[in-house]
There are 4 protein chains.
Amino acid sequence: MDVYINLDFESNEPIYTQLMHQIIAGIAKKELKPGDALPSVRSLAADIGINLHTVNKAYQQLKQEGFILIHRQKGVVINPDGVPQADDQYMNNLTSTLHPIIAESICRGLSKEQVLQLTGELYENFTKKEGGDK
Amino acid sequence: MDVYINLDFESNEPIYTQLMHQIIAGIAKKELKPGDALPSVRSLAADIGINLHTVNKAYQQLKQEGFILIHRQKGVVINPDGVPQADDQYMNNLTSTLHPIIAESICRGLSKEQVLQLTGELYENFTKKEGGDK
Amino acid sequence: MDVYINLDFESNEPIYTQLMHQIIAGIAKKELKPGDALPSVRSLAADIGINLHTVNKAYQQLKQEGFILIHRQKGVVINPDGVPQADDQYMNNLTSTLHPIIAESICRGLSKEQVLQLTGELYENFTKKEGGDK
Amino acid sequence: MDVYINLDFESNEPIYTQLMHQIIAGIAKKELKPGDALPSVRSLAADIGINLHTVNKAYQQLKQEGFILIHRQKGVVINPDGVPQADDQYMNNLTSTLHPIIAESICRGLSKEQVLQLTGELYENFTKKEGGDK
DNA sequence: GTGGTCTAGACCACG
DNA sequence: GTGGTCTAGACCACA
């Protein structure tokens, strides 16, 4: 069962980033499991109608962050050892990423409970079977 | 009482974005209150040693999002009516921003509780007096 | 004082790798010091007559390994904090890199002394003033 | 007595290169001696579960460098006359191979002594009986 | 067939 | 001006 890739070509978010996010989301939802094969650079690029270099950039970055392995000719697979667990560096990044987001949510009048509820719901959506994607 | 601006010129985050975030954080912490005056584009640019255009871009964007008002002669002030409260569009944006962040946190093995705790702590840091910002 | 870039377009070694090696050699020889500016992607590409993407790839990799920083618009500089020092991972890589090289040198009849002398000379060539490059 | 072949299919190093290195290491350790027979292309490929072409490529390259002889019917043997000793071309190759490796080790803060010690240890590991290879 | 490299030209965001 | 992104097409190494 494949993961459906949904790209927004109008978005400011680079396509290769969107692709990365979708694959990471697939892993989070367990639709992609360690060891699973991913489509080749060329076939995925053809499928979603983008350039193979764009797909390649997404794959390279996912590889560099430990989500996937790129075998020489065997293609691309989800890291069989699982994704590297959170370390200090990741937690720092996560904190600085969330920092401005939460600042704005406070300015916009969201209560702590609202923020936590939204966050919790998003988290659960990944862990539910048949979790509704965006 | 001024907000201290701390820019990281080596970050991937654009400087104008960092500037926006710092001002928004100042508002979230109530260090900047509705009606408070902000430095002029020129003086702020000179103070922190960056390009006029960069400060201008940050201000324009903050104005466009309703955080500040820019009067021709009276200068720049925090929106006296307060920041526009969360609407549907903002909530959608917030959701799509958080979505990939939470997806990765799940992949990296963070529990729901860990995510909620981090989020909660960040939220509280803004509402505490003398909240320790970075 | 600039570092002279000498590329071998006939070599099997990718051009971007050669470029990386030359810059690393420049750092080893102290011709490039922490904080020093490097040419922009475009100007270096024009200077040595290769595509800007090839230069970019070398720069990106050097950045990823901590040798250089890429400022948004200020251009490229040698990491002012110095290059990340050897860690376990680097030592493991170094060992597996040297392993087959030394194996072959043994088969070819080089004595331990010969290998150590060659290694030592190469090391010294970097630390000498006016060290003779290849 | 056979040499144990250990391939890493996730490495960036081509499989045929890994195979060559393992055979060369076997010769360096004297586990493979001049005149010793090597498995045929077919049987070796079957044993380690890789493509015929891959084994063939490794053998052809080893032959071309003088490590082995390939007789049409008699099979593959380690060169009975021993491996060609170091000539100028080999020394030049060795030097340019080591050059960038040592440059990086200097950047990463390794002292000359550390480099020589590592090199020496690796050398000794091949000449010791029961040398602990990876 | 696969991914890796290189080239080339275009547009955009940033400062 | 800078780097970042995307596209496009080519050749090669690998299995």
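First the proteins, then the strands, lettered A, B, ... as listed; each starts at 1. Values reported hereafter were calculated over all heavy atoms of this structure, with side chains retained and with hydrogens, waters and symmetry mates removed.
Taking the side chain of A:Val76 as heavy atoms from C-beta on, and the options F:dT7, F:dG3, E:dG3, the nearest nucleotide is E:dG3. Residue A:Thr54 places its side chain closer to F:dC6 than to any other of E:dT7, E:dG3, F:dC6. The listed nucleotides are F:dT5, E:dC14, F:dC14; the one nearest the side chain of D:Tyr16 is F:dC14.
Within the structure, a side-chain polar atom (N or O) of A:Asn56 is placed less than 4.0 Å from OP1 or OP2 of E:dG4. Between B:Lys57 and E:dG15 there is no side-chain polar atom (N or O) within less than 4.0 angstrom of OP1 or OP2.
C:Ile15 has its CD1 atom 13 Å from the C1' atom of E:dG4, to the nearest Å. Per the geometry, CG belonging to A:Leu44 stands 12 Å off P belonging to E:dT2, to the nearest Å. Atom CE of D:Met20 is separated from atom C1' of F:dC14 by 15 Å (rounded to the nearest Å). For the pair A:Arg42 CZ and F:dA10 C1', the computed distance is 11 Å after rounding to whole Å. Following rounding to the nearest Å, A:His71 (NE2) and F:dA15 (C1') show an atom-to-atom distance of 13 Å. We find that CG of A:Asn51 is positioned 17 Å from P of E:dA8, with the value rounded to whole Å. In this structure, CD of A:Gln60 is placed 16 Å from P of E:dT2, rounded to the nearest angstrom. One can place CD of B:Gln61 at 8 Å from P of E:dC14, the figure rounded to the nearest angstrom.
Nucleic acid contact class of C:Leu52 (heavy atoms, under 4.0 Å, all strands): none. At the heavy-atom level, C:Glu13 lies nowhere under 4.0 Å from the strands shown.
Residues A:Ile24 and B:Cys107 approach most closely at O-SG, 3.4 Å, considering heavy atoms. Nearest heavy atoms, D:Ile23 versus D:Leu32: O-CD1, 3.8 Å. Of all heavy-atom pairs spanning B:Ile48 and B:Phe9, the tightest one is O-CZ, 4.4 Å. Heavy atoms only, all atoms of each residue included: B:Leu38 and B:Tyr59 are closest at CB-OH, 3.7 Å. Minimum interatomic distance between D:Pro39 and D:Leu44 (heavy atoms only, all atoms of both residues): CB-CB, 4.0 Å.
Sequence order on DNA chain F of the closest nucleotides to A:Pro14 and C:Ser43 puts C:Ser43 first from the 5' end. For the pair A:Asn12 and C:Phe9, both in contact range of DNA chain E, the more 5′-proximal nearest nucleotide belongs to C:Phe9.
One cannot find a donor-acceptor pair under 3.5 Å joining the base of E:dG3 and the side-chain atoms of A:His53.
Summarising the local packing, CG of C:Asn92 is surrounded by more than 12 heavy atoms from other residues, nucleotides or ligands at distances under 6.0 Å.
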| If you write DNA chain F from 5' to 3' in dot-bracket form, with Watson-Crick or G-U pairs under 3.5 Å, [ ] for crossing pairs and | for pairs with another strand, what do you get? | ||||||||||||||.
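A side-chain donor-acceptor contact under 3.5 Å links A:His21 and A:Glu13.
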| task | Give the intermediate values and the outcome of side-chain contact (heavy atoms from CB on, under 4.5 Å) for residues C:Arg108 and D:Phe67. | result | CA-CA 10 Å; C:Arg108 300 270 188 207; D:Phe67 288 94; 3.9 Å; yes
